[in-house]
Amino acid sequence: MKTKQDFFDRVYKLVAKIPRGKVTTYGAIAEACGIRSSARTVGWALNGASESGLPCHRVVNRFGALTGKIHFGDFHLMEDMLRSEGIEFDEDGCVNMEKHLWIPTKLKAKMKKKKTSSAVRSAKKPRLSRQ
DNA sequence: ATTATGACCTGTG
DNA sequence: ACACAGGCCATAA
């Protein structure tokens, strides 16, 4: 059956499959669940999952920024957890996506078709992390 | 039932 | 290359 709960469940399962020392993005999860446009809902799902023992700290936004750290109680908690797993941070405080970004296998096969101009969006990253 | 907000992303000017 | 606006789905008031 296709319900909201089903979507949440998929998100949880995907997040649970994120390898230690790796991170993924909301968009990747959303698209892996079949809807790339509802990346926001993924965040909502994680909001309820932050206390469910899921590695939600391994989920970051497209730029590697820890946008969800504010939901961890302490801002440095999420960062500490990631660092404990061997994840390196950029000078901007963002996760080193090139090294630690992990994409679900299903999505990998999908995105083989398209090639996004990540160069353009990468240029945007400094602007976001500019606080 | 409608409006507003959110741990976001993509596309166009 | 940067800035603005739209969209999409679920929850809260």
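Per chain, numbering begins at 1; letters A, B, ... match sequence-line order. Bear in mind that the values here come from a model prediction, so they are computed numbers and not experimental data. Just so it is clear, the values below take in all heavy atoms, side chains as well, and ignore hydrogens, waters and symmetry mates.
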In whole Å, what is the span from the [atom1] atom of [X] to the [atom2] atom of [N]?
X: A:Leu46; N: C:dT11; atom1: CG; atom2: P; value: 13 Å
X: A:Ile29; N: C:dC9; atom1: CD1; atom2: P; value: 17 Å
X: A:Phe8; N: C:dC8; atom1: CZ; atom2: C1'; value: 14 Å
X: A:Glu31; N: C:dG7; atom1: CD; atom2: C1'; value: 15 Å
X: A:Tyr12; N: C:dA10; atom1: OH; atom2: P; value: 13 Å
X: A:Arg40; N: C:dA10; atom1: CZ; atom2: P; value: 13 Å
X: A:Tyr26; N: B:dT10; atom1: OH; atom2: P; value: 15 Å
X: A:Phe63; N: B:dC9; atom1: CZ; atom2: P; value: 7 Å

*asked:* Do A:Val60 and A:Phe75 sit in one hydrophobic cluster, given that two such residues count as connected whenever their side-chain heavy atoms are within less than 4.5 Å of each other, even indirectly?
replied: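 In one cluster with A:Val60: A:Phe75, no.
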*Can A:Val95 be reached from A:Leu77 by stepping across I, L, V, M, F, W or Y side chains whose heavy atoms are under 4.5 Å apart?*
yes
*Got a donor-acceptor pair under 3.5 Å from the side chain of A:Thr41 to the base of C:dC9?*
yes
Given [options], identify the nucleotide with an atom nearest to the side chain of [X].
X: A:Trp44; options: B:dC8, C:dA12, B:dA7; value: C:dA12
X: A:Ile70; options: B:dA7, C:dC8, C:dT11; value: B:dA7
X: A:His71; options: C:dA10, B:dA7, C:dC8; value: B:dA7
X: A:Arg62; options: B:dA7, C:dA12, B:dC9; value: B:dC9
X: A:Ala39; options: C:dC9, B:dG6, B:dC9; value: B:dC9

*At under 4.0 Å, does any side-chain N or O of A:Thr67 touch on OP1 or OP2 of B:dC8?*
yes
*Ignoring backbone atoms, test whether A:Arg36 places a side-chain nitrogen or oxygen under 4.0 Å from the OP1 or OP2 oxygen of C:dG7.*
no
*Atom pair CD1/NZ of A:Ile18 and A:Lys22 - distance to nearest 0.5 Å*: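 Separation between the atoms: 12.0 Å.
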*Do A:His57 and A:Glu85 meet the criterion of a side-chain donor-acceptor pair at a distance under 3.5 Å?*
yes
*Quantified in whole Å, what is the P atom distance between nucleotide C:dA3 and nucleotide B:dA7?*
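Going atom to atom, P in each nucleotide, I get 22 Å.
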*Where do A:Cys94 and A:Phe63 come nearest, in terms of heavy atoms and distance?*
CB-O, 3.5 Å
